[in-house]
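Below is one structure, written out as structure tokens; the observations come after it.
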Amino acid sequence: MVGMPSVLPDGEPVPDDGALPRHALEGAADRPLGFYLHVPYCATRCGYCDFNTYTATELRGSGGALASRDNYAAHLIEEVRQARKVLGDDPRPVRTVFVGGGTPTLLPAADLVRMLASIREEFGLAEDAEITTEANPESVDPAYLEALREGGFNRVSFGMQSAKQHVLKILDRTHTPGRPEACVAEARAAGFDHVNLDLIYGTPGESDDDWRATLDAAIGAGPDHISAYALIVEEGTQLARRIRRGEIPMTDDDAHADRYLIADEAFTAAGFDWYEVSNWATTEAGRCLHNELYWRGADWWGAGPGAHSHVGGVRWWNVKHPGAYAQALSEGRSPGAGREILAEEDRRVERILLELRLREGCPLTLLKPDGLAASRRALTDGLLEPVPYEEGRAVLTLRGRLLADAVVRDLVD
């Protein structure tokens, strides 16, 4: 589940032409390059959502025609062209493209295909490029999926969240139970080899049996990838306000841990292997390569309002509002709102934060003396696997995955 957070960090200004420091492209040929394309539109706002997305009502009168869905693809394509200028003669073909939101499938399939085509034309796509779009189950049909497949998409990710109507209602999800499972079959029929379902556990009012029913439905649908995320109640969301008013109870951490264990057991029994704390796939080819770019600190360009990018230790982010984004592009300016140049220590810490969540873990050589001492304690406490540890890597056990955030905090010291 890829989304753009609604709050942007602070940073130094981005040059009007978006130019990167010269060092950012040093050694680029050894790093894969991906594109994230953010589509910031939703039919309705889910109560738990804190992503940079907008409904038609929220956009009305705040950006005018520039913020319209009708011309959004043209604006995003202009940013892809800017990316080509900024990256200059960088010879790398694009390894992954991920279209996220929001609800990308609110746009016509032809618009998504045009956006992908612009990357193909400007950069070229690797022969085995992974091309993904997120999709709301109610916003696609067989013809739409066929158009995406014919246009070059080869992976699709459906937001399922839950199989239980009362859980979906708490989350303000608009699809009906059973529709995501039907979408998997439609995607397979359209020729998609790789299909993901996104699940959320720990919703207020959800029972263990509700969660088991969701897992059974998701596995039974036949995807080759499932993501399962604990519900995080973000401040400023409708769900947070309802909990604060006492309308619905907050789910405790023990329930979250129980649901994770239930999920991992069900996925393992069905032939899914975990490869990142919240992600399981039936084969190595079924993994989400685009997300692995993030987790392994590779290069990606994020196009769209609020989208974040990273190239060679330089991270930047775009202006949030679709109107401001379109205005910058129409004036020939970078839509970048700010950037930061990561110091070596920042990059070391980020590698630990991200790589420890992967099945392959992180090298012990990344750890400083205090972190190394903490890793030995984690090993003794059963939070790290002993065999990989002897081979020089910190790899989380199942119990360690439950406590991943705490383990990471200790190891980055």
Side-chain angles (χ1 to χ4, degrees), residues 2-36 38 52 79 82-83 85-90 92 95-96 276-277 290-304 306-320 334-358 360-376 378 384 392-396 404-413:
V2 176
M4 291 295 100
S6 62
V7 178
L8 296 179
D10 295 324
E12 64 180 44
V14 175
D16 280 350
D17 63 359
L20 291 169
R22 185 175 301 175
H23 68 78
L25 290 177
E26 293 176 358
D30 298 326
R31 303 189 299 267
L33 174 65
F35 262 81
Y36 172 76
H38 186 61
N52 187 44
E79 188 180 356
Q82 277 195 8
K85 293 176 184 175
V86 170
L87 296 179
D89 59 1
D90 183 342
R92 291 175 292 176
R95 181 69 182 83
T96 68
E276 191 274 341
V277 169
H290 185 81
N291 282 345
E292 288 192 305
L293 292 191
Y294 297 154
W295 298 324
R296 298 186 187 282
D299 291 348
W300 71 89
W301 189 291
H308 289 229
S309 303
H310 171 267
V311 174
V314 180
R315 181 187 292 122
W316 70 96
W317 45 92
N318 285 346
V319 293
K320 283 177 53 179
S334 164
R339 76 179 186 188
E340 60 181 337
I341 298 174
L342 301 174
E344 283 302 313
E345 175 63 8
D346 295 328
R347 299 180 78 173
R348 181 191 75 88
V349 169
E350 285 202 356
R351 280 194 65 186
I352 299 170
L353 288 172
L354 297 171
E355 291 182 27
L356 189 64
R357 296 181 61 86
L358 297 172
E360 293 80 12
C362 72
L364 294 175
T365 52
L366 289 175
L367 307 183
K368 291 186 173 181
D370 286 349
L372 199 56
S375 75
R376 289 191 286 268
L384 296 178
R393 303 191 70 81
V395 174
L396 295 170
D405 290 345
V407 177
V408 165
R409 283 196 298 272
D410 288 340
L411 266 55
V412 296
D413 287 344

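All of these numbers come straight from a predicted model, not from anything done at the bench.
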Side chains of P32 and T96: closer than 4.5 Å at any heavy-atom pair?
-> no
pair E79-N318: side-chain heavy atoms closer than 4.5 Å = yes
Can V277 and L356 be said to form a side-chain contact (heavy atoms from CB on, under 4.5 Å), step by step?
-> CA-CA 9 Å; V277 169; L356 189 64; over 6 Å; no
Considering non-hydrogen atoms only, spot the tightest contact between [X] and [Y] and give its length.
X    : Y    : answer
V86  : G18  : CG1-O, 3.4 Å
P15  : S334 : O-CB, 3.7 Å
P21  : I341 : CG-CD1, 3.9 Å
H308 : W300 : O-NE1, 3.0 Å
G361 : R393 : O-NH2, 2.9 Å
D90  : R92  : OD2-NH2, 2.6 Å

side-chain contact (heavy atoms from CB on, under 4.5 Å) between H310 and L293: does it pass, once the steps are laid out?
-> CA-CA 10 Å; H310 171 267; L293 292 191; over 6 Å; no
What distance do [X] atom [atom1] and [Y] atom [atom2] have between them, rounded to the nearest 0.5 Å?
X    : Y    : atom1 : atom2 : answer
L372 : L366 : CG    : CG    : 11.0 Å
R296 : L358 : CZ    : CG    : 5.0 Å
I352 : R357 : CD1   : CZ    : 14.5 Å
L87  : L25  : CG    : CG    : 6.0 Å

Go through the structure and list residues passing salt bridge (charged side-chain N to carboxylate O under 4.0 Å, His left out) with E355, not counting sequence neighbours.
->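 R351.
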Those residues that, when tested against K368, pass salt bridge (charged side-chain N to carboxylate O under 4.0 Å, His left out) (two or more places apart) =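 For K368 the salt bridge (charged side-chain N to carboxylate O under 4.0 Å, His left out) partners, ignoring immediate neighbours, are E345.
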Take L396 and L384 through the test side-chain contact (heavy atoms from CB on, under 4.5 Å) and record every step on the way to the result.
-> CA-CA 5 Å; L396 295 170; L384 296 178; 4.0 Å; yes
Can you sort out the partners of R315 under side chain to side chain donor-acceptor pair (under 3.5 Å), two or more places apart, ordered by chain and number?
->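 Only E340, E350 meet the side chain to side chain donor-acceptor pair (under 3.5 Å) criterion with R315.
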Excluding sequence neighbours, so at least two apart, what forms side chain to side chain donor-acceptor pair (under 3.5 Å) with S375?
-> Y389
Can you name the one residue among D410, D405, V412, L411 that meets side chain to side chain contact (heavy atoms under 4.5 Å, CB included) with V408?
->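 Only one of D410, D405, V412, L411 forms a side chain to side chain contact (heavy atoms under 4.5 Å, CB included) with V408, namely V412.
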Please work out which of the three classes, parallel, tilted or perpendicular, describes the rings of W301 and W316, given edges at 30° and 60°.
->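 W316 and W301: perpendicular rings.
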Quick note, salt bridge (Lys or Arg N to Asp or Glu O under 4.0 Å) partners involving residues 24-35, not counting sequence neighbours, are R31-D299
Which residue pairs satisfy the side-chain hydrogen bond (donor to acceptor under 3.5 Å, both in side chains) criterion with at least one member in residues 12-24, sequence neighbours excluded?
->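 As it turns out, the side-chain hydrogen bond (donor to acceptor under 3.5 Å, both in side chains) pairs with a partner in residues 12-24, which skip direct neighbours, are E12-R339.
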side-chain contact (heavy atoms from CB on, under 4.5 Å) between Y36 and H290, worked out | CA-CA 9 Å; Y36 172 76; H290 185 81; 4.0 Å; yes
